[in-house]
Amino acid sequence: MPTGVLHTLAASPSSAAFAECLRMIQPGDALVLLADAVYAHQNEAALPGASLPQDIPVYTLRRDCEARGVSPQGDNIINMADLVTLTENYPRQLAWY
Amino acid sequence: MVVIRHSPYSSSMARTALDIVLAAGAFEQPVTVLLYGDGVLQLLPHQQSDRLGTKNHAKQLAALPLYGIEKIYADTQSLTQYGVDVALAPLPVESISGEAVQGLLSEHDHVLGL
């Protein structure tokens, strides 16, 4: 069972919440992109300051990408059931919005 | 540990967070407060909330030590960004930065973000 924190980030890449979340994340944590945070996948290379951490698992909720017309790249595109499992595996969670 | 990221008055987040912190204190649960991002704006002195016809948030904060809540921290980067001087804050607050913030998170079993 991981001892890190599961960060659920629901704010857009231009928001303070997004930057603050990324600043607080440390090795051992995990990140889930929800709601407007999935826009981090939109034009990923060009968005300054939206570069996602490379040293921890980053998950993206498929449903929120599809709703917004965002095509996420990479692995760890998850569905709701996967999200529930993540919350079961990480006893500590911090919501960012 | 309660992480407060919102400023007072514009939303009820900071006020709600204080209610939660006070409730924890009333039940004698150890609680740590971290002010992060806009949350450090709660520390500005001379808040004249009567201009908005609402409760004075700084006075609410000042009451925390009376309830045994003394572990109150503020993120150095946010304080610097907004030019907030902890020496002028309504209650004793420790400014901590970067790794110390992450270390604080590691020390707590339960975290709540508002």
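It should be emphasised that the depicted structure is a prediction, and the values quoted were computed from it without experimental measurement. Letters A, B, ... mirror the listed sequences (proteins, then strands); counts begin at 1.
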Exercise. Would you name the heavy atoms of L105(B) and R92(A) that are closest together and state the gap between them?
Key: O-NH1, 2.7 Å
Quiz item: Got more than 12 heavy atoms from elsewhere within 6.0 Å of OH, Y97(A)?
Solution: yes
Practice problem: Using non-hydrogen atoms and a 4.5 Å limit, figure out which bit of M13(B) sits close to chain A: side chain, backbone, both or neither. | Solution: side chain
Exercise. Please check if I78(A) and L6(A) belong to a single hydrophobic cluster, counting links between Ile, Leu, Val, Met, Phe, Trp and Tyr side chain heavy atoms closer than 4.5 Å.
Key: yes
Quiz item: Regarding Q26(A) and S106(B), is there a side-chain donor-to-acceptor distance under 3.5 Å anywhere?
Solution: yes
Quiz item: Are L34(B) and M24(A) close enough that some pair of their side-chain heavy atoms sits under 4.5 Å apart?
Solution: yes
Practice problem: Determine the option with the most heavy-atom pairs under 4.5 angstrom with chain A, choosing from D38(B), V3(B), V111(B). | Solution: V111(B)
Quiz item: Honestly curious: do V101(B) and I56(A) fall in one hydrophobic cluster under the side-chain, below-4.5 Å linking rule?
Solution: yes
Self-check item: Exam field: side chain E20(A) to backbone Y36(B), donor-acceptor pair closer than 3.5 Å
Solution: no
Exercise. Treat each ILVMFWY residue as a node, draw an edge where side-chain heavy atoms are under 4.5 Å apart, and state whether L61(A) and V58(A) are in one component.
Key: no
Self-check item: Transitive ILVMFWY side-chain link L91(B) to V84(B), under 4.5 Å
Solution: yes
Self-check item: Top of Q77(B), E99(B), H110(B) for chain A proximity - count of heavy-atom pairs under 4.5 angstrom
Solution: Q77(B)
Quiz item: Is there a side-chain contact between D75(B) and R23(A) (heavy atoms, below 4.5 Å)?
Solution: yes
Quiz prompt | Shared hydrophobic cluster for Y73(B) and M1(B) (ILVMFWY, side-chain gaps under 4.5 Å) | solution = yes
Quiz prompt | Spacing of Q102(B) atom CD and D29(A) atom CG [to the nearest 0.5 Å] | solution = 8.0 Å
Practice problem: Test side-chain contact (heavy atoms from CB on, under 4.5 Å) on C21(A) and R5(B) and set out the steps. | Solution: CA-CA 10 Å; C21(A) 171; R5(B) 288 187 36 256; over 6 Å; no
